[in-house]
Number of protein chains: 2
Amino acid sequence: MTEGVSRRQSTLDEVAELAGVSRSVASRALNNAPHVSRAKREAVERAVRQLGYVPHPAARALATRQTGAAALVVSGEDPSIFADPFFAQVIVGASAALEDADLHLMLCLAASDRGRKRVEQLLRSKGADGVMLMALREDDPLARMAEGAEMPVVFGGRPVGLDPRWYVDVDNVGGARAATEYLIASGRTRIATICGRLDTEVGRARYRGYRDAMLAAGLEPYPPEGGDFTEPSGSAAMAALLARHPGLDGVFAAGDNMAAGALRTLREAGRPVPSDVAVVGFDDLAVSRMADPPLTTVHQPIEGLGREMARMLVAIIDGQDPTPLILPTRLVTRASA
Amino acid sequence: MTEGVSRRQSTLDEVAELAGVSRSVASRALNNAPHVSRAKREAVERAVRQLGYVPHPAARALATRQTGAAALVVSGEDPSIFADPFFAQVIVGASAALEDADLHLMLCLAASDRGRKRVEQLLRSKGADGVMLMALREDDPLARMAEGAEMPVVFGGRPVGLDPRWYVDVDNVGGARAATEYLIASGRTRIATICGRLDTEVGRARYRGYRDAMLAAGLEPYPPEGGDFTEPSGSAAMAALLARHPGLDGVFAAGDNMAAGALRTLREAGRPVPSDVAVVGFDDLAVSRMADPPLTTVHQPIEGLGREMARMLVAIIDGQDPTPLILPTRLVTRASA
DNA sequence: CTGGGAACTGGAAGCGCTCCCAGTCTTCCG
DNA sequence: CGGAAGACTGGGAGCGCTTCCAGTTCCCAG
């Protein structure tokens, strides 16, 4: 019961000595491996408690060649891309799943060259047991590094032009199609789109979904009006759209932040939503509920994305070979469309 | 030039052998320590490049007793508290500063008991070189753990009832006072407040600032109407306030999310902002710019908070003893007040 | 009572790196 | 030209843990 508060960090040797067993037995007891008699196991446990012993992670890592950590790397030249609440939710999910596997989470914001270099080091030095990779753009140097890495790598969202072995993605095409179809079903015919960066697979997939739905309904898809998933870019794109196609009566924005920006521009332009222009977003971020009017949007399981990525990674680390996963999306109708 | 792509991870011994030097020299060359002749240093560098050698972090950690990582732990029983974009910004700042010091970022969301246990292990096993601690509540078990830890600990925001040696905080009292004074200066007299959790120092400090300003102006401060920094809580608190004090003409909300909620309730209640009720928030999150009307709020340097925490931690790790830091806040006037 | 196997035990060899230290080689001053 | 300060060098002892393996002990069928 006497929680030891020894100054110096105690070692396994000390535990073994106090328990009157050899270091090997103590080690086995600790990792509850077989071949330890009940008596000694208990003696070791007692000693551990008495000494307040905690194994030294580095030593263990060195011996087992496992670090006990997984990395989540977020690519993007501007670190503020990470400020998008999207990532926070991914992290919540990933963190929970990693906790279940008793792995620590290392976070790498690979924005600068320096940051990328460090990620590369991490990959090559086996500084983690596995990596989750997010927000890759076309020709992202991180993709190549990851390919070469001898380490489990799970992609969050498919990277452009690559077909990785392990990834978790969201049904972007289906979601975008559903959103557009909803707009069409509500009687809109001049439906434009504000799309995300087209050098990302998300951006492309959502545009593809929009276009598919338009074509299927015999409508003319608008050319992509580009945003970068941020609120200001959505606002600007909406303004451009309004200037070019004043007669539009519907907008599918490939992200809620952009949709919020579009809403702001429409409000400022005196175009009531949804009576004049209907707007549908994508993501179902908190902002969609707080927007005015509340945003009809495509819900995607963001936390689930993080969770599944982590789970998949854990499975790979455990020697399994899970199959890629595509998470479903679903339309959430609110007031904006 | 031949980037080696050896399957197995190469070791320092191999580098040394290839360079024709001893392991010691190779090690010194790598860490550019003194006592290595120019020739050998170059030979080592060449060998490193040829082998694509990257030092093994665990081995290094074991030998140096330094892990090369710092942890950011966010406390809170509900992991979704972390979804607040506030933390994302803190992370961006901290990440950048840690990168400068070549430290990795470990993220711990200490929500469950299990999570807390893991943090404790981390603290006691020296699994990181230092820790940044955020969002502590009154009687947070994490505080005690941190006190006992023989590891540099920097607090982000002062914890309730403790006076830690190292912390970075934001001038919450001053910011809240400025916000309230602004409301007063604009002629409002019946100014209520929606405060944050009063079991956190932030919540208390902001209420104190509000109260100070009210008293100084000879006005009667309203009793704290409680929120928990989330949008729904702000909305609910506003509704309660409206029911209790229909005549109020100003509200200071101790957080932008809550302010956004208040705005929503006011809109739904048909109380125009700011003509009828003026609203000031705190945080200057993205939502404040996107709100309708755009929110007058107290800007706090969130990324700076993260950055300074990390810098302070690095300084401590380097053996210095920096003094606590209180970052300034400043009022940003927009349309809501 | 035996022999044989299963269950247990602890010595020892690493894991890959750092760093102390004793020894070697320069170099330069008196 | 002798010698010592000073710059280099590499051997070796760890850092704390896991794990292989040879040796012990124990139990039970024969």
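Chain naming here is simple, since letters A, B, ... match the order of the sequence lines and numbering starts at 1 in each.
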What string of B, S and - do you get for nucleotides 21-28 of chain C, 5' to 3', when a contact is any protein heavy atom under 4.0 Å? --------

At under 4.0 Å between heavy atoms, what does B:Pro34 touch on the DNA or RNA strands: base, sugar-phosphate, or nothing? nothing

Who passes side-chain hydrogen bond (donor to acceptor under 3.5 Å, both in side chains) against B:Asp100, sequence neighbours left out? none

Atom pair distance, as rounded to whole Å: CD in B:Gln9 and C1' in C:dC17: 12 Å

B:Arg144 with B:Glu147: basic N within carboxylate O range, under 4.0 Å: no

B:Leu12 CG to C:dC19 P, straight-line distance once rounded to whole Å: 12 Å

Closest to the B:Ser27 side chain: C:dT18, C:dC17, C:dC15? C:dT18

Looking only at side-chain N and O atoms, does B:Thr11 come under 4.0 Å of OP1 or OP2 in C:dG16? no

One thing to verify: whether B:Arg307 and B:Glu303 come together as a salt bridge, which I'm taking to mean a side-chain N less than 4.0 angstrom from a carboxylate O. no

Closer than 4.0 Å, any side-chain N/O of A:Ser22 to the OP1 or OP2 of C:dG10? yes

Nearest whole angstrom, please: distance from the P of C:dG16 to the CD of B:Glu14. 9 Å

Check whether more than 12 heavy atoms from other residues, nucleotides or ligands sit under 6.0 Å from atom CD of B:Glu17, and answer yes or no. no

Nearest to the side chain of B:Ser24, which nucleotide is it out of C:dT18, C:dA12, C:dC19? C:dC19

Strictly under 3.5 Å: I want the nitrogen or oxygen pairs between protein and nucleotides 24-26 of chain D, one per line.
none

Would you say the side chain of A:Met151 lies within less than 4.5 Å of the side chain of A:Arg124, judging by non-hydrogen atoms? no

Does some side-chain heavy atom of A:Leu72 sit less than 4.5 Å from a side-chain heavy atom of A:Met106? no

Quick one: are A:Phe82 and A:Leu107 in side-chain contact, heavy atoms under 4.5 Å? yes

Length of the line joining A:Arg23:CZ and C:dC15:P, which is rounded to integer Å: 16 Å

Does A:Glu99 have any side-chain hydrogen bond (donor to acceptor under 3.5 Å, both in side chains) partners at least two apart in sequence or in another chain, and if so, which? B:Ser112

For B:Asp113, is the CG atom crowded, meaning more than 12 foreign heavy atoms sit under 6.0 Å from it? no

Just to be sure I understand the rule, does B:Thr64 reach a base, reach only the sugar-phosphate, or reach nothing, if contact means heavy atoms closer than 4.0 Å? sugar-phosphate

Per the under-4.0 Å heavy-atom filter, residues of residues 35-42 of chain A near DNA chain C come out as A:His35, A:Val36, A:Ser37, A:Lys40

If you define the side chain from C-beta out and look only at heavy atoms, does anything of B:Met145 sit under 4.5 Å from B:Leu133? no

When rounded to whole Å, the CG to P distance for the pair A:Leu62 and C:dA13 reads 17 Å

Are B:Leu18 and B:Gln50 close enough that some pair of their side-chain heavy atoms sits under 4.5 Å apart? yes

Taking the basic N atoms (NZ, or NE/NH1/NH2) and the acidic carboxylate oxygens, is any pair closer than 4.0 Å for B:Lys126 and B:Glu150? no

Quick test of your reading of the model: are A:Arg38 and A:Glu42 salt-bridged, counting only N-O distances below 4.0 Å? yes

Can you see if the side chain of A:Arg60 gets near the phosphate of D:dG16 - specifically, an N or O under 4.0 Å from OP1 or OP2? no

Between D:dG16 atom C1' and A:Glu17 atom CD, what is the distance in whole Å? 15 Å

Does any non-hydrogen side-chain atom of A:Ser22 lie less than 4.5 Å from one of A:Val25? yes

In whole angstrom, what separates A:Tyr53's OH from D:dC17's C1'? 7 Å

Are A:Glu120 and A:Lys117 close enough for a salt bridge, meaning some N to O gap below 4.0 Å? no

Could you state the CG-P distance from B:Asn31 to C:dG16, rounded to the nearest angstrom? 17 Å

Take the C1' atoms of the five end pairs on each side of the helix from C:dC1-D:dG30 to C:dG30-D:dC1, get both axes, and report the angle to 10 degrees. 50°

